[in-house]
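Some notes on the structure that comes next.
Quick caveat: nothing in here was measured; it's all calculated off a predicted structure. Below, all heavy atoms of this structure are taken into account, side chains as well, without hydrogens, waters or symmetry copies.
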Amino acid sequence: MYVIKVLLGPLGLELFPPPQGLKAEYDTLFTKDCLLFLHQLISTFDKEVDQVLRLRVSRKAHLDLSGDLPGFLENTSHVRTDPDWRVLPVPPRLCRRHVDIGDLAPCDTQRFIKALQSPAQGIQVDFDDGNCPTYHNQIRGIHNVLKAVHNQFSDVPHISEVPVLMLRPRAWNMVEPNMMVEGKQAPGPLFDFGLLMFHCGKTLFEEQSGPFFYLSKVESFMEARLWNNIFVWTQQKLDLPLGTIKATVLIENILAAFEMEEILYELRDHSAGLNCGIWDYSASFVNKFGHREAFLLPDRSKYVNMEKRFLRSYMDLLVQTCHRRGALATGGMAALLLPQDTYSTSYRTVLDTVTRLKLLEIQAGVDGFMVYDLRLIEPMQELFRLHTEGDNQLQQLRHDVIVSPDDLLSMPSGGVTLSGLKHNIAVSVLFINAWLSGKGHYFYRGQVEDSATAEISRSQVWQWICHQTQLEDDSRLVNRTLVTELIKEALTELSVFCQSAREKWRLHTAADMVLEVVLKRDFPEFITTYLSQDHTFLSSHSRGRSLKHIYL
């Protein structure tokens, strides 16, 4: 273990030195002034971060002990019933959000450059779901953003001409183990946000291209209030006007779905709207109500899609809420990948499938959505041109929508299939395998898989074991024995793709970790938290460091 210790006045900040090959990038990012800023930012808000995380635990405990179900909050009804308030208008570059590129981990320099050269409206610069937060990936990724903002990539247009950067720091559940502030690991989102704002915020503002953010896994309006306080503090520190920072909140949790107006209200000076997506949101039902048999989520491959009542109601309510308050509403990411042969039947099938699903979102009133495959950008932009007018659909107020708590909490009918169970197991094993190799997403059966699909996959396996669910195929029960057998089968099938003994060891380690997480008595809230704090992951990315202290 190799540590730089930076002493700032009477307090301390400890920081690991650079990963191999990244000394120049590290020195560019971690200047003395930047470290002072990070120390002030993190020490100012550290207690509030702990408070919102404890509030999550408290709310979950209350739901478990009382058996209650969430609803629209009584003590904030004045926010929802006040017809007059609106979010501040977004800057011109955010008015047209038709097609963003999603899941783009900026540590992947080649893909990042291709995205910057693309015709997309925006790029979800992802330090969260599509990214594995190794120290190497965080430093490489943040430095790549700095290079893009300061026009240091050759053959890439000026920052004012590339797709707008929507910077997505890690969520509140993640920490940065390579930085200690006053004896505690730094909150991951503050580490990411602080570095990005310090090095890029002013330039993005001057070029009328930001700074713009995605906020992941927000569960309550109190968490939105914390982010708003962070934005206000940061703008004051960096001498930026109030309202410079704009943020899109991803509504990825069932509890947040009941507080969408309150979340917009708390961020009304800094809001770029709300976003809806299918898999993290679906997994949140297992997270909050997984022990309750009434909330058994059926096979996602067969019975869960955006046309189901609980998901359609969520999307309709999100669009209505946003447009009522003058905010943009965006949809999820198309994960399907187009085959290489543009004349093949399979290419046409994939394109037709994506078109049908995304047309449903456009008809619901969304102002934009994401794709992973860059070749889908122009076909999806054409879809907006054909079915909408202007830069956005803010005029679609959706007066037809009336959503009740029952609508949001209505589980789809259906059972569990053997193929669905096998698919969830494979996705979980392959995700952890990718994570151990330092990657936050991978490709499987024609689509990109990331922590969101891993989250729903392992959640469903855990819940089906918990309730001893019966398979539709042959009436077997989903239990420890069956899942263990299927994991062994998956290993046999997947091992043929391993090209070395190390790759095979990593795959077997991933399988062991999947079995461990789906058999836990209490549901691990986030798979990324479990993985990032697991000794296997930490040790595999901390080799070869010796101890050293440097004082500033």
Between [X] and [Y] (side chain of the first, backbone of the second, donor and acceptor by atom type, cut-off under 3.5 Å), is there such a pair?
| X | Y | answer |
| --- | --- | --- |
| Gln124 | Leu167 | no |
| His270 | Phe231 | no |
| Thr453 | Asp450 | yes |
| Glu223 | Glu219 | yes |

Would you call [X]-[Y] a salt bridge at under 4.0 Å N-O?
| X | Y | answer |
| --- | --- | --- |
| Arg348 | Asp352 | yes |
| Arg97 | Asp367 | no |
| Glu307 | Arg312 | no |
| Glu207 | Arg93 | no |
| Arg170 | Glu176 | yes |

Query raised in the report: Is the NZ or CZ atom of Lys246 both under 6.0 Å from the centre of the six-membered ring of Phe213 and within 45° of that ring's axis?
Result: no
Report summary line: With Met174 as partner, the option from Pro169, Pro187, Ser532 fulfilling side-chain contact (heavy atoms from CB on, under 4.5 Å) is Ser532
Requested in this report: Going by the salt bridge (Lys or Arg N to Asp or Glu O under 4.0 Å) test, name the single residue among Arg268, Arg324, Arg86, Arg80 that passes it with Glu261.
Outcome: Arg324
